[in-house]
Amino acid sequence: MYNTKEIEKKWQKYWQDHQTFAAKTGDKKEKYYLLVEFPYPSGTGLHVGHARSYTALDTVARLKRMEGYNVLFPMGWDAFGAPAEQYAIKNHIHPKEAVKENIKTFKKQIESLGISFDWNREFATTDPEYYKWTQWQFLKFYEHKMAYKAKKNINWCPTCKTGLSNEDSAGGVCERCGSKVVQKEKEQWMLKMSDYAEDLLKGLDDTNFNKRVKLGQINWIGRSEGAEIDFEIENAKEKLKVYTTRPDTIFGATFMVIAPEHPILEKLKNKITNIDEIKKYQEYAKTKTEFERTELAKEKTGVKVEGIKAINPFTNKEIQVWISDYVMMNYGTGAIMAVPAHDDRDYEFATKFNIPIIKVIEGDTLPYIGEGKYINSGFLNGITKKEEAIQKMLEEIENRKIGNKKVNYRLQDWIFSRQRFWGEPIPLVYCEKCGWQPVPEKDLPVLLPDVANYEPTEDGESPLANIDEWVNTTCPKCGGKAKRETDTMPNWAGSSWYFLRYMDPKNDKEFVSKEALDYWGKVDWYDGGMEHTARHLLYARFWNQFLYNIGLVPNKEPINIRVSHGMILGSDGEKMSKSKGNVVNPNEVVEEFGADALRLYEMFIGDYEKDAAWSTNSLKGCKRFLDRVWNNGEKLNDKKGYTNESLVHKTIKKVTNDIKTMKFNTAISTLMILQNDYDDKESITKDELRVLVHLLNPFAPHITEEINEKYNLGKPLCESAWPKYDEEKTIDNTYELVFQVNGKVRGKETVNVDTSKEDMESLARQNPNVQKFTEGKEIIKVIAIPGKLVNIVVK
RNA sequence: GCUUGUGUGGCGGAAUUGGUAGACGCGCACGACUCAAAAUCGUGUGGCUUUAGCCGUGUGGGUUCGAUUCCCACCACGAGCACCA
């Protein structure tokens, strides 16, 4: 038989020695840029899920190369992040050491799968040569007033004295110590992503993302059309501005609700008679974690603001003002007009606190959300169409100058600060005299200090704040004493532009050369996990659009196609995890069955975009198929060409199309059908074997190259042109004509493709079994579809 | 709750400008080889009845000569978002 380990090693070395996968910037061939999300090199090593997506795009990459494209298929490491930092704190080593080790393991594992990455372009986000440019780009944001500092709440563990990500504070408790997480206000660097909401939405039209990916983006941006309307406050000059998508229901607005943090409370505190109670509620709202606000706060809470009243501008009636945490300060204006008859939340609130409810749209139940006839609504009465009522109301609001149309987005500005050690330092310094100053370009990168011992600070600052010799510096403007910003960038920063760097990874003069940007253009095909299709993709698009707007990149949208692969689950159908004991280690699979069998199986497992459960038996089936392909070598004859031409040409056509449309499983089953045909033959030609191993090569690159060489079928497959099919030869001369009576199959006959409808019909009538079912019955209709069937309808 | 996707044999899954449902693989059964087992090869494999047929793609209806495919209602499961006004 054959030794998978020897074969794999041999061909991996061949590809390395011949630089088979090196992409050439500026090459005359047409470019094709394939990208898989670079992994976080965790200590646990490669997951079979990584193998799935890498193999999938590797298959496409190998096909595209053989079709004559200059393929860029790079790989790198997204290596900043909390796990490396925590590991380092615990073991008193620098995180870069841990990262180095993990990358080594990961790389070795990926290489053992024979993925055709161009390793010449490898880098890690943690390389100073890389994060220099991440910092440089941050300064571009700063320079264009797209970065600013603002107070924001962070999840805070009072015991560990550290800020926590939402993931680390799931369930409202600190993941490490179990203490209750609270909200703490902190000054943070922000990127003005909300300015780009409309562009990020519109830009989707210039991409070929599939529906589910586009929807993810659209939901995240969350565009809504409505109006801002001013409500007067009795006895005060202040007006209360609300945002609503339903101005048509304003006659039913019987109270107002404002967010606990709303600034008007401070402005009107002298008029508010229950200010202590209000303050108490504000405190209560602040201590609530995100978890409590969503999970536990099923019941509405709130406090009536005594002493002030608002006026409904259309009914001119006094209405109550309440504060409640179901209104968010960071969306709209932080205040709403509540229409309890026609909004679930307002209804719940009004019933709980006995606030009047006025119906303005006819309907049987309360709250009634649907469309209907307007009542109790002055000039809107009698209208039945929502759109019409909204339009009329908007005109009236603008005529009376009490408000205007307004589009809102859920998309918020990007909180860009992290109080962590293991991230890109934000390259700014603070000078008492000159304020915030960017670090000059010549001083980039701002390196992380080489210390092995660092602990979180008492007050939630980054661990960097404790390292005096690093913090203290001079002001680039006045030369006086200054302090560095100690916050670092989020993990998302480095991954927001890495696809650009791959185009020109060694450049120490620019983040990417213009030449490389112009040559490689967009990422043609980007694959990643479902968990990244919302945020990461949005961040990357935002970052790129910003670079485009300041003239640094040639395309506004950086990615053409984005696909999201399904997960590989354990054999029990559950997500793989150590605790469940259902983890499959790709190393062990390669060891026992070989890389080709693993690759083939992961592509055969099912629909690429869906989750799939691991099955070692199915894997063995794929291995058996490879063995049968190998055994073809035993029965080669001296003849030339294909004995079953139409099957071969059909196979070439289907495999080619299926790979390009990600139907990897059916591509493989088509190859299995071809092999089954060869198995039925006494002997096969070299041409027949060559075409099979060629088509199989993108999936199983090692064994196919070995067979090709062993039987002198031709030059190495990776250096040969992809097989072409002849459309004419895929068409059969005959087909199996189906006879139906009343839609049921009653007989079949092989006929010539050009059999006329008349002949088809008479063949059907002559068929004994058809006669049996039509005998003594009245024939109403005969339908003849050439190439398919004849259906006789009887009564 | 909203948005969205998916429901096909014992299992993973094929097939949709509406036209032979179950390709391919796994598993299983029987047979060959073997002292025996594994591996391999061959045959069969949706269910029910057997010369032929009936039923069958989550459930109920509809359109059609013909529906896994189109339409309506419902059920189940998964994913994403989650008090966004």
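Below, all heavy atoms of this structure are taken into account, side chains as well, without hydrogens, waters or symmetry copies. Naming: A, B, ... by sequence-line order, numbering from 1 per chain. All figures in this text were calculated on a predicted structure; none of them were measured in a lab.
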Taking atom [atom1] in both [N] and [M], what distance in whole Å separates the two?
{"N": "B/C11", "M": "B/G27", "atom1": "P", "result": "15 Å"}
{"N": "B/U17", "M": "B/G13", "atom1": "C1'", "result": "24 Å"}
{"N": "B/G53", "M": "B/U4", "atom1": "C1'", "result": "44 Å"}
{"N": "B/G10", "M": "B/G47", "atom1": "P", "result": "7 Å"}
{"N": "B/G62", "M": "B/U69", "atom1": "P", "result": "15 Å"}
{"N": "B/A52", "M": "B/G66", "atom1": "C1'", "result": "23 Å"}
{"N": "B/A67", "M": "B/A21", "atom1": "C1'", "result": "11 Å"}
{"N": "B/G19", "M": "B/C24", "atom1": "C1'", "result": "23 Å"}

How about A/Lys239: does its NZ atom have over 12 heavy atoms from other parts shown lying under 6.0 Å from it?
no
Whichever of A/Asn665 and A/Thr245 has its nearest RNA chain B nucleotide further upstream toward 5':
A/Asn665
Can you work out whether A/Asn742 or A/Phe773 has the more 5'-proximal nearest nucleotide on RNA chain B?
A/Phe773
Among [options], which nucleotide has an atom closest to any side-chain atom of [X]?
{"X": "A/Gln740", "options": "B/A52, B/G19, B/A15", "value": "B/G19"}
{"X": "A/Ile783", "options": "B/C65, B/A14, B/A85", "value": "B/C65"}
{"X": "A/Met672", "options": "B/G25, B/G13, B/C65", "value": "B/G25"}
{"X": "A/Asn791", "options": "B/C65, B/C41, B/A14", "value": "B/C65"}
{"X": "A/Arg624", "options": "B/C26, B/U4, B/A85", "value": "B/C26"}
{"X": "A/Lys211", "options": "B/C41, B/U4, B/A85", "value": "B/U4"}
{"X": "A/Asp325", "options": "B/G12, B/C83, B/C81", "value": "B/C83"}

Go through the N and O atoms of the side chain of A/Asn617 and the base of B/C26, and report whether any donor-acceptor pair is under 3.5 Å.
no
Polar side-chain contact A/Lys300-B/C83 base: donor and acceptor under 3.5 Å:
yes
Check: [Y] and [X] side chains under 4.5 Å, non-hydrogen atoms:
{"X": "A/Tyr608", "Y": "A/Thr661", "result": "no"}
{"X": "A/Val257", "Y": "A/Ile323", "result": "no"}
{"X": "A/Leu537", "Y": "A/Val213", "result": "yes"}

Do you know which two heavy atoms are closest between A/Lys575 and A/Asn582, and how far apart they sit?
O-ND2, 3.4 Å
Which whole-number value in Å describes the distance from [X] [atom1] to [N] [atom2]?
{"X": "A/Lys663", "N": "B/C24", "atom1": "NZ", "atom2": "P", "result": "17 Å"}
{"X": "A/Tyr601", "N": "B/G13", "atom1": "OH", "atom2": "P", "result": "9 Å"}
{"X": "A/Leu537", "N": "B/G80", "atom1": "CG", "atom2": "P", "result": "16 Å"}
{"X": "A/Tyr243", "N": "B/C83", "atom1": "OH", "atom2": "P", "result": "16 Å"}
{"X": "A/Asp658", "N": "B/G13", "atom1": "CG", "atom2": "P", "result": "17 Å"}
{"X": "A/Lys788", "N": "B/U69", "atom1": "NZ", "atom2": "P", "result": "17 Å"}
{"X": "A/Asn408", "N": "B/A85", "atom1": "CG", "atom2": "P", "result": "8 Å"}
{"X": "A/Asp607", "N": "B/G78", "atom1": "CG", "atom2": "P", "result": "19 Å"}

Under 4.0 angstrom between [X] side-chain N/O and [N] OP1 or OP2:
{"X": "A/Arg628", "N": "B/G25", "value": "yes"}
{"X": "A/Tyr331", "N": "B/A85", "value": "yes"}
{"X": "A/Lys744", "N": "B/C55", "value": "yes"}

Under 4.0 Å between any heavy atoms, over every strand shown, what does [X] touch: base, sugar-phosphate, or nothing? Just pick one.
{"X": "A/Asn769", "answer": "sugar-phosphate"}
{"X": "A/Ile785", "answer": "base"}
{"X": "A/Tyr735", "answer": "nothing"}
{"X": "A/Gly621", "answer": "sugar-phosphate"}
{"X": "A/Ile673", "answer": "sugar-phosphate"}
{"X": "A/Lys214", "answer": "nothing"}
{"X": "A/Thr244", "answer": "sugar-phosphate"}
{"X": "A/Asn676", "answer": "sugar-phosphate"}
{"X": "A/Arg410", "answer": "base"}

Less than 3.5 Å apart, any donor N or O on the side chain of A/Thr666 or A/Asp658 sitting next to an acceptor on the other?
yes
Would you tell me whether A/Glu37 and A/His532 have side-chain atoms, one donor and one acceptor, within less than 3.5 Å of each other?
yes
Using the rule given for side-chain contact (heavy atoms from CB on, under 4.5 Å), can you reason through A/Gln412 versus A/Ser194, listing the C-alpha separation, both sets of side-chain angles and the distance that settles it, and then say yes or no?
CA-CA 5 Å; A/Gln412 307 279 310; A/Ser194 57; over 6 Å; no
Output field dot_bracket for RNA chain B (Watson-Crick or G-U, both distances under 3.5 Å, | for other-strand pairs) contains (((((((..(((......[....)))((((((.......))))))(((....)))..(((((..]....))))))))))))....
Can you list the residues that meet the ring pair (Phe, Tyr, Trp, His ring centres under 6.0 Å) rule with A/Tyr526, with sequence neighbours excluded?
A/His536
For the pair A/Phe699 and A/Phe664, name the ring-plane relationship: parallel under 30°, tilted 30 to 60°, perpendicular over 60°.
perpendicular
A/Asp732 with A/Lys650: basic N within carboxylate O range, under 4.0 Å:
yes
What residues from residues 746-767 of chain A pass a heavy-atom cutoff of under 4.0 Å to RNA chain B?
A/Arg746, A/Lys748
Since syn is defined as within 90° of 0, does B/G53 count as syn or as anti?
anti
Looking at A/Phe542 versus A/Tyr539, is the centre-to-centre ring distance below 6.0 Å?
no
Could you check A/Asn676 against A/Arg628 for side-chain contact (heavy atoms from CB on, under 4.5 Å), going step by step and ending with a plain yes or no?
CA-CA 9 Å; A/Asn676 287 346; A/Arg628 288 195 288 147; 2.8 Å; yes
